[in-house]
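Just so we're clear, the structure is a prediction, and the values are computed from it rather than from any experiment.
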Amino acid sequence: MKLIKLTLPNGDIKEVTYGTTIGEAAVSIGSRLAKEAVCGRFNGELKDLSWQLIHAGDLEIVTTDSPDGVEVMRHTAAHIMAQAVLRLWPEAKLAIGPTIQDGFYYDFDMDHSLSSDDLEKIEAEMAKIIAEDYQVTREELDPGEARRLFESHEDIYKLELIEGLDEQDKTISIYRQGEFFDLCRGPHLPSTGKVNAYKLLSVAGAYWRGDSRNKMLQRVYGTAFFKKSQLEQYLHRLEEAAKRDHRKIGRELDLFSISEEGPGFPFFHPKGMVLRNLLEDFWREEHTRRGYSEVKTPIMLREELWHRSGHRDHYHDNMYFSEIDNQRYAIKPMNCPGGILMYQRKIHSYRDLPIRMGELGLVHRHELSGTLHGLMRVRSFTQDDAHIFMRPDQIEAEIIGVIDLIDYVYKIFGFPYHVELSTKPENAMGDDAIWEAATDALRKALENKGLDYKVNEGDGAFYGPKIDFHLQDCVGRTWQCGTIQLDFMLPERFDLSYVGEDGQKHRPVMLHRVVFGALERFIAILTEHFAGAFPTWMAPVQVMLIPVAEDHVAYAHKIAARLDELRIRYEIDDRNEKIGRKIREAQLQQVPYMLVLGNNEVNEGNISVRHRRQGDLGKFEPDQFIQQINAEIKEKQLD
RNA sequence: GCCGAUGUAGCUCAGCAGGUAGAGCACUUCCAUGGUAAGGAAGGGGCCACCGGUUCGAGUCCGGUCAUCGGCUCCA
């Protein structure tokens, strides 16, 4: 009998007989391992436990605690869901059903429109399929067989997928469980009974192949875990994220609102303005320090300018237009053309470069109505923009300068982040050579900084490639904020120049960049990240003065005068209420410090300090407290 | 823009066999002068998103519009 040598992850060599399945191999390695086994990884490829080993190679048993194991199980869960849907609505056509981060979905084409009540029905049917514990088996078919099989069920979407697979010369495999079968690469769990903790989460529309010209299908989202406790933990996390929703907190803390009179055009309330102004102050301080100047360009400019810049051709659908004195105007969706006009006002020497021109620019973009979302997705927003005009030899140093700035700013807020590089998109201006040079410059700067990055092919802006910074909030979600875009195109289009050492005209290179991205969105992210409990330096109200009774209001004003000197933001709660109530409300407003002022304090000339998280901190000399909170603010401490 | 759901007081929500609207919180006034997360009482407040239809009668049924929510597409 022929023996096969398997190399295990720890380097051990295991010999098994020809034709042994991965599942059997797992048993022979250890019974505990076999119990936890989900599938195997043979020479880097995931295979079913029933896969037969017929030649030597590396074998790893993928277990329930590995990310791959979870993904395989979710894929099986998606099949079980599809099976359940077909049992309930036999006319449904299956499209695709992949796993995604934290779960899976399956797209269906069916007349019955699914409601959340239906999710329960589907879940119940899934429970039956799991209890019935069908074997999940793999079959490999040639394209003709596969076509016939799916044609017999009029599975138009699967047939389209098969066409694609056939072109790529890939093996066509299907998986069966009970009466159900599906086109699938696999691998899968050995049987449906192995799926344990699952939950269907929502139904939504989704275009076939993600293309809005195609039919809209019904997508059911779900998730599954090996352990009930993990599922519960995940659902709990969703609840926590919902509690942090900036739309809810924004209302509760009176930061901003959006009126039906202006969908996508937010109103900032006084407390939201405090946040905005602080971000702007911080931004100005950092930019001044780093050699930026600040400008402001007009909201509206002649439409002709936007033809020259290329926006009219490449960005038309997102722009608003208007008319003044029979002249066509456009409302700016970006700040760059204005910045360029500013650059062109005079002749520049090579000695003047780089020019770092910052602008907190209010831009308007027509976003599709269905995409608006609180402050995260709006139709008018303020970019913390800057345009750097520079000589080609300055490109790398300037990019590195921006990378350092972004790194500095994100660390102040305690955000970890990662970086992505986006290359030439389909609707791009300019030829490939320029794009390549620009993309190389960005890549070089990243490599010089030793930053790891992911590449997004075809995801760049129409005028140049970009580096995106994705920060991660405390619930683990990521948000694209900062970007650096290199642009050889607009300087060309606008015939920008500087006078070189040789007295001749040369073409400068432009860099577009933002750090926060948009103030509106950044405020939304901060709100969710801190769940409304902004660090003291940002808190709209930093101190709540709480006189115990009417007699103590005068003393509160005396303390307040001291806070005024240092521009510490406070409120005096002089309502005729018990202090328990005043404290509760200050807590709910996430005020960092509450000062309780009653007879004891007035007589002793001190204050009782309560912190929103640490509770009662005891008595303080007013000066001592004020110095302490002032330091906390100046150092922008996170609490 | 597309698919689905939703739209009742400032907020959270109840109401429904179609008979002209209700709670808690908030707000106002009064009483209580209170010591670390809600003191008590009284009162004001709604063109039930908007427009049209069915009906003797519509918050409730039907159609349209607008907005919001969950996604898709897109993106700061």
Compare side-chain N and O positions of [X] against OP1 and OP2 of [N] and report whether any pair is under 4.0 Å apart.
| X | N | value |
| --- | --- | --- |
| A:Arg251 | B:U12 | yes |
| A:Arg209 | B:C72 | no |
| A:His373 | B:G70 | yes |
| A:Ser369 | B:G1 | yes |
| A:Lys466 | B:A76 | yes |

At under 4.0 Å between heavy atoms, what does [X] touch on the DNA or RNA strands: base, sugar-phosphate, or nothing?
| X | result |
| --- | --- |
| A:Leu588 | base |
| A:Gly370 | base |
| A:Ser115 | nothing |
| A:Asp551 | nothing |
| A:Glu367 | base |
| A:Val548 | base |
| A:Gly598 | base |
| A:Asn599 | base |
| A:Val363 | nothing |

Measuring only the [atom1] atom in each nucleotide, how far is [N] from [M]? A whole number of Å is fine.
| N | M | atom1 | answer |
| --- | --- | --- | --- |
| B:C47 | B:U6 | P | 24 Å |
| B:G22 | B:A14 | C1' | 7 Å |
| B:G19 | B:C48 | C1' | 16 Å |
| B:G70 | B:G64 | C1' | 24 Å |
| B:A42 | B:U60 | C1' | 33 Å |
| B:A38 | B:C31 | P | 24 Å |
| B:A32 | B:G15 | P | 41 Å |
| B:C51 | B:C13 | P | 25 Å |

- Lys NZ or Arg CZ of A:Arg219 over A:Tyr106 ring: under 6.0 Å, within 45°: no
- Geometric cation-pi criterion, A:Arg74 with A:Phe104: 6.0 Å, 45°: no
Starting at atom [atom1] of [X], determine the distance to atom [atom2] of [N], rounded to an integer number of angstrom.
| X | N | atom1 | atom2 | value |
| --- | --- | --- | --- | --- |
| A:Lys582 | B:A37 | NZ | P | 15 Å |
| A:Glu577 | B:A37 | CD | P | 15 Å |
| A:Met110 | B:G4 | CE | P | 13 Å |
| A:Asp107 | B:G70 | CG | C1' | 15 Å |
| A:Arg379 | B:C74 | CZ | P | 17 Å |
| A:Leu255 | B:G10 | CG | C1' | 16 Å |
| A:Arg213 | B:C2 | CZ | P | 17 Å |
| A:Asp574 | B:U33 | CG | P | 18 Å |

Watson-Crick or G-U counterpart of [N], or none if no pair lies under 3.5 Å:
| N | result |
| --- | --- |
| B:C47 | none |
| B:U36 | none |
| B:C13 | B:G22 |
| B:C61 | B:G53 |
| B:A42 | B:U28 |
| B:U73 | none |
| B:U68 | B:A5 |

Can we say [X] and [Y] salt-bridge, meaning some charged N sits less than 4.0 Å from an Asp/Glu carboxylate O?
| X | Y | result |
| --- | --- | --- |
| A:Glu520 | A:Arg379 | no |
| A:Arg247 | A:Asp245 | yes |
| A:Glu420 | A:Lys466 | no |
| A:Arg237 | A:Glu240 | no |
| A:Arg575 | A:Glu550 | no |

- Message: Please determine whether ring pair (Phe, Tyr, Trp, His ring centres under 6.0 Å) holds for the pair A:Phe415 and A:His529, giving the CA-CA distance in whole Å, both sets of side-chain angles, and the decisive distance to 0.1 Å.
- Response: CA-CA 9 Å; A:Phe415 287 125; A:His529 179 64; 4.4 Å; yes
- Query: Toward the 5' end of RNA chain B, which comes first, A:Gln485 or A:Leu114, by nearest nucleotide?
  - Reply: A:Leu114
- Item | Comparing A:Tyr221 and A:Gln480 on RNA chain B - which has the more 5′ nearest nucleotide | A:Tyr221
For the side chain of [X], starting at C-beta, report the closest nucleotide among [options].
| X | options | value |
| --- | --- | --- |
| A:Ser608 | B:G35, B:G34, B:G1 | B:G35 |
| A:Arg521 | B:A37, B:U33, B:A76 | B:A76 |
| A:Ala549 | B:A38, B:G1, B:U33 | B:U33 |
| A:Glu260 | B:C66, B:A32, B:G35 | B:C66 |
| A:Asn576 | B:A76, B:G70, B:G34 | B:G34 |
| A:Arg584 | B:A67, B:C2, B:A38 | B:A38 |

Atom pairs, N/O to N/O, protein against nucleotides 23-29 of chain B, distance under 3.5 Å?
from, atom 1, to, atom 2, distance (Å)
B:A26, OP1, A:Arg581, NH2, 2.0

- Query: Does the B:G35 base have a donor-acceptor partner in the side chain of A:Glu601 within less than 3.5 Å?
  - Reply: yes
- Message: What I want to check is whether an N or O donor and acceptor connect the side chain of A:Arg377 with the base of B:C74 at under 3.5 Å.
- Response: yes
- Task: Check the geometry between A:Phe516 and B:A76 and answer yes if their rings are stacked (centres below 5.5 Å, planes below 30°), otherwise no.
- Result: no
- Message: If the test is ring pair (Phe, Tyr, Trp, His ring centres under 6.0 Å), which one of A:Phe530, A:Phe534, A:Phe522, A:Tyr408 qualifies with A:Phe413?
- Response: A:Phe522
- Message: For A:Phe321 and A:His366, I'd like to know if the aromatic rings sit close, meaning centre-to-centre distance below 6.0 Å.
- Response: no
- Item | A:Tyr570 and A:Arg562: CA distance, side-chain angles, deciding distance, side chain to side chain contact (heavy atoms under 4.5 Å, CB included) verdict | CA-CA 11 Å; A:Tyr570 64 86; A:Arg562 312 275 290 275; over 6 Å; no
